[in-house]
Peer 1: 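To start, I am sharing the structure in question, which I have written as structure tokens.
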Amino acid sequence: MAGDDRLPFHHDVLVPHAPVDHLTVTVHHSGSSSANGTFELYCHPSNGSTHRDPKGACAKLDRMTKWGKDPFAPTPQSAQCTMIYGGPATARVTGTWAGRRVNAHFKRTNGCEVSRWNDFEPLLPTTTGSNPLS
């Protein structure tokens, strides 16, 4: 059509790319040398992940994601937690999930933190040794 200045349809031009959920998970002192280290998790699609269970971790995070709630929110400072030590394991999760930046820290220093860690398995590894709240 003469005088038609519309762009021809081309999927790379007119259709925006959906954001990829990407998290970097760093684990220390889990009790397992294969679970310690830094792992990349890609979801939607999960191609390119170095995480040991990308499909399980992505599915778990999908189930935890609710509109208006931060699944990575820390334990509230006012929480009353049992004094159960879950071990020296620590983790840090950074990146983007559901279009939001993530910078979350995990530890197993009391009952609330152990429970929070357990809620994030298999994104976070199951720790070896004493796991009182599993």
Side-chain angles (χ1 to χ4, degrees):
M1 290 196 296
D4 187 355
D5 12 300
R6 291 180 294 164
L7 290 173
F9 176 77
H10 187 275
H11 71 278
D12 288 337
V13 175
L14 298 179
V15 178
H17 293 284
V20 173
D21 293 313
H22 172 228
L23 298 173
T24 301
V25 181
T26 303
V27 178
H28 297 285
H29 311 296
S30 71
S32 168
S33 60
S34 64
N36 291 333
T38 299
F39 307 93
E40 302 297 325
L41 177 68
Y42 292 90
C43 301
H44 318 114
S46 61
N47 301 343
S49 293
T50 59
H51 189 276
R52 69 198 174 289
D53 183 7
K55 288 182 181 179
C58 292
K60 176 66 172 197
L61 290 171
D62 283 341
R63 289 189 304 273
M64 294 175 72
T65 302
K66 307 283 186 242
W67 180 257
K69 296 189 109 190
D70 179 4
F72 295 95
T75 300
Q77 289 185 350
S78 61
Q80 295 184 8
C81 305
T82 60
M83 298 304 293
I84 297 174
Y85 180 68
T90 61
R92 182 172 181 206
V93 179
T94 59
T96 304
W97 182 258
R100 302 186 83 180
R101 303 293 300 154
V102 174
N103 185 8
H105 297 267
F106 295 84
K107 54 192 175 187
R108 299 176 60 82
T109 54
N110 61 47
C112 294
E113 296 296 340
V114 170
S115 179
R116 180 172 176 250
W117 181 293
N118 292 349
D119 288 345
F120 276 88
E121 291 174 5
L123 175 67
L124 301 179
T126 300
T127 60
T128 58
S130 169
N131 196 355
L133 299 179
S134 310

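Owing to the predicted nature of the structure, the values given are computational and were not obtained by experimental measurement. By convention here, the first residue in the shown sequence is residue 1.
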Peer 1: So does T126 get a backbone contact from the side chain of W117, meaning a donor-acceptor N/O pair under 3.5 Å?
Peer 2: no
Peer 1: Pairing donors with acceptors under 3.5 angstrom, does anything connect the side chains of E40 and T24?
Peer 2: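 A donor-acceptor contact under 3.5 Å links the two side chains.
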Peer 1: With a cut-off of 3.5 Å and sequence neighbours excluded, list every side-chain donor-acceptor pair involving residues 89-97.
Peer 2:
| unit_1 | atom_1 | unit_2 | atom_2 | d |
| --- | --- | --- | --- | --- |
| R92 | NE | N103 | OD1 | 3.0 |
| R92 | NH2 | N103 | OD1 | 3.1 |
| T96 | OG1 | R101 | NH1 | 2.9 |
| W97 | NE1 | T65 | OG1 | 2.7 |

Peer 1: Evaluate the criterion side-chain contact (heavy atoms from CB on, under 4.5 Å) for residue pair L41 and L61; output intermediate values, then yes/no.
Peer 2: CA-CA 11 Å; L41 177 68; L61 290 171; 4.0 Å; yes
Peer 1: Do C58 and H51 have side chains that get closer than 4.5 Å, going by heavy atoms?
Peer 2: no
Peer 1: List the steps and the verdict of side-chain contact (heavy atoms from CB on, under 4.5 Å) for L123 and F106.
Peer 2: CA-CA 12 Å; L123 175 67; F106 295 84; 5.7 Å; no
Peer 1: If you count every heavy atom of other residues, nucleotides or ligands that lies below 6.0 Å from R100 atom CZ, does the total exceed 12?
Peer 2: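 Result for CZ/R100: open.
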Peer 1: More than 12 heavy atoms of other residues, nucleotides or ligands under 6.0 Å from NZ of K60: is that the case?
Peer 2: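 More than 12 heavy atoms, drawn from other residues, nucleotides or ligands, come within 6.0 Å of this atom.
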Peer 1: Within this structure, what is the OH-CG distance for the pair Y85 and N110, rounded to the nearest 0.5 Å?
Peer 2: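 Output value for this atom pair is 11.0 Å.
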Peer 1: Please enumerate all residues that pass side-chain hydrogen bond (donor to acceptor under 3.5 Å, both in side chains) together with S34, with sequence neighbours excluded.
Peer 2: S32
Peer 1: Checking Y42 now: which residues fulfil ring pair (Phe, Tyr, Trp, His ring centres under 6.0 Å) with it, not counting sequence neighbours?
Peer 2: H22
Peer 1: What's the shortest heavy-atom distance between F120 and M64, and which atoms?
Peer 2: CZ-CE, 3.4 Å
Peer 1: Going from CZ on R116 to NE2 on H105, what distance comes out if it is rounded to the nearest 0.5 angstrom?
Peer 2: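 Separation between the atoms: 9.5 Å.
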Peer 1: Pick from L124, I84, N118: which one makes a side chain to side chain contact (heavy atoms under 4.5 Å, CB included) with R108?
Peer 2: N118
Peer 1: D62 and H44: side-chain contact (heavy atoms from CB on, under 4.5 Å), yes or no, with the steps?
Peer 2: CA-CA 10 Å; D62 283 341; H44 318 114; 3.1 Å; yes
Peer 1: What's the shortest heavy-atom distance between A35 and S30, and which atoms?
Peer 2: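 Shortest heavy-atom separation between A35 and S30 comes out as CB-OG, 3.5 Å.
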